[in-house]
2 protein chains.
Amino acid sequence: MKLGEGVEQAIHSVAVLAGLSEGGVLSAAAIAEFHGVSVSYLLKHLQALSGAGILDTVPGPKGGYRLARLPKDISLLDIVLAVEGSAPAFRCAEIRQRGPNPLPGKYFTKPCGISAAMLAAERVYRAELAKTAIADVLADLAESDDGSIAARGCAFLALNERRTNR
Amino acid sequence: MKLGEGVEQAIHSVAVLAGLSEGGVLSAAAIAEFHGVSVSYLLKHLQALSGAGILDTVPGPKGGYRLARLPKDISLLDIVLAVEGSAPAFRCAEIRQRGPNPLPGKYFTKPCGISAAMLAAERVYRAELAKTAIADVLADLAESDDGSIAARGCAFLALNERRTNR
DNA sequence: GGGATCTTACTCGGATAGAGCGTGTCCGAGTGCTGAGGG
DNA sequence: CCCTCAGCACTCGGACACGCTCTATCCGAGTAAGATCCC
């Protein structure tokens, strides 16, 4: 029951990317510097997000990343699944079918009740994450912020945002 | 986002232990054989359950494990937390406070909205697990079972259950 | 002066080492049973 | 025959290697910008 550290980096990266204007991109190096993390490592997760269709990439000089969808259409679940993989956390190995005197498989047509309960809890978890979009997170932040955090973000964007003709 | 393999073993072990009669115990070796898993490894998790107050241990020859509470008072969450630890899956490292131009900490009195959303989802997950008790799992199994699975379990218990005077 | 072309520098992308944690195993401490010996 | 006591075998408990995933890093392929050269 542990989430990798890259999840936090990925979510924050998406949040920052949500702040740039139409047609603007941000290089991975800039995002990494803003968060004080390793560039190479952040790239790994940005690539995962790109592969999942959450981010678009612009290659070449003056290239970088930008959102592929609107912030309101990117949920936390999308990001978590892209980075951590979509495999369920609980995997039933059907150990009840092992042991010295295993029953024929026909008696185990119904999935294990334990597995069902665990997966049900996981569905609830994912549903909760799916309810929260990046746009919601930004809205909550703007509400509690007196302007300082937003100002720092804007200053960073003004310095590092790149316009692209595509 | 991954649960250890021991969680499944632990839950099934508790389910088996729920089937023995008042005052009966089951050795770790018997449980491991029934599930076809390593004895030494299962012991690790049984000890965790014991330390969490879910199981009682009876030392010495003819000793073993038994439930410390009624099956209806043991939730899946109890078992998962005992085996996996109670630390939250998502840990906020506050990377938004890092980087080249960090703001003073006083601007970050409110917890990170991202962290709040992730932890909220986790609370929902745990609440769902807490709703399901071992007794519920056994009841569901008895409902879909034609008797074969229960019969195998009873045969195993009759062979390996030990009476203790304590 | 304008346009095409070549070089160049910068970007992302995938393949490659190292660390931490889960997995699997082992040996030691503790305890109740069991048998022998004495009363 | 019954009680006491010592030995013992079996149990759980904690300490010890191994493998895999996550973390962190490097080098290579691709591309658009910019300078250069020709018309």
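Labels below follow one simple rule: chain letters A, B, ... track the order of the sequence lines, proteins then strands, and each chain is numbered from 1. Values below: all heavy atoms of this structure, side chains included; hydrogens, waters and symmetry mates excluded.
When the C1' atom of C:dT11 is taken as reference, atom CG of A:N160 falls 15 Å away, rounded to whole Å. Across the protein-nucleic acid pair, B:D56 atom CG and D:dT11 atom P stand 18 Å apart, rounded to whole Å. Going from atom NE2 of B:H35 over to atom C1' of C:dG24 covers 18 Å, rounded to whole Å. Rounded to a whole Å, the CD atom of B:E8 is 12 Å from the P atom of C:dT23. Look at CG on B:L55: it is 17 Å from P on D:dT11, rounded to the nearest Å. Following rounding to the nearest Å, A:R163 (CZ) and C:dT11 (C1') show an atom-to-atom distance of 19 Å. As a whole-Å value, the separation of B:E5 CD from D:dC20 P is 13 Å. Atom C1' of nucleotide C:dG24 and atom CD1 of A:I95 are separated by 16 Å, given to the nearest angstrom.
Listed by chain and residue number, A:L76, A:L77, A:V80, A:Y125, B:M118, B:A121 satisfy the side-chain contact (heavy atoms from CB on, under 4.5 Å) test with A:L129 (two or more places apart in sequence, or in another chain). Residues that satisfy the ring pair (Phe, Tyr, Trp, His ring centres under 6.0 Å) test with B:F90, not counting sequence neighbours, are absent from this structure. The salt bridge (Lys or Arg N to Asp or Glu O under 4.0 Å) test applied to A:E128 returns A:K131, not counting sequence neighbours.
Candidate nucleotides D:dT25, D:dG13, C:dC12 were compared by shortest atom distance to the side chain of B:Y65, and D:dG13 ranks first.
No side-chain heavy atom of B:I79 sits less than 4.5 Å from a side-chain heavy atom of B:V7.
Contact annotation: B:T57 side-chain N/O to D:dG13 OP1/OP2 distance is under 4.0 Å.
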Hey, can you pull the donor-acceptor pairs under 3.5 Å for the side chains in residues 12-29 of chain A, sequence neighbours left out?
{"from": "A:S13", "atom 1": "OG", "to": "A:Q9", "atom 2": "O", "distance (Å)": "2.7"}
{"from": "A:S21", "atom 1": "OG", "to": "A:E161", "atom 2": "OE2", "distance (Å)": "2.5"}
{"from": "A:S27", "atom 1": "OG", "to": "A:A30", "atom 2": "N", "distance (Å)": "3.2"}

Side-chain polar contacts of residues 43-51 of chain A - donor-acceptor pairs under 3.5 angstrom, sequence neighbours left out - could you list them?
{"from": "A:H45", "atom 1": "NE2", "to": "A:Y41", "atom 2": "OH", "distance (Å)": "3.3"}

Within the sub-3.5 Å range, which N or O atoms of nucleotides 5-10 of chain C have a protein N or O partner, and how far apart are they?
none

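Of the residues in residues 39-50 of chain B, those with a non-hydrogen atom less than 4.0 angstrom from any atom of DNA chain C are B:S40, B:Y41, B:K44.
Although no hydrogens or angles enter the test, the distance criterion places a donor-acceptor pair under 3.5 Å between the side chain of B:D146 and the main chain of B:S148.
Here salt bridge (charged side-chain N to carboxylate O under 4.0 Å, His left out) pairs that include residues 113-126 of chain A, with residues two or more places apart or in two chains, are A:E122-A:R126. Listed by first then second residue, pairs satisfying side-chain hydrogen bond (donor to acceptor under 3.5 Å, both in side chains) with a partner in residues 67-81 of chain B read B:R69-B:D78, B:S75-B:D78, not counting sequence neighbours.
B:A28 comes within 4.0 angstrom of the backbone, heavy atoms only, and of no base.
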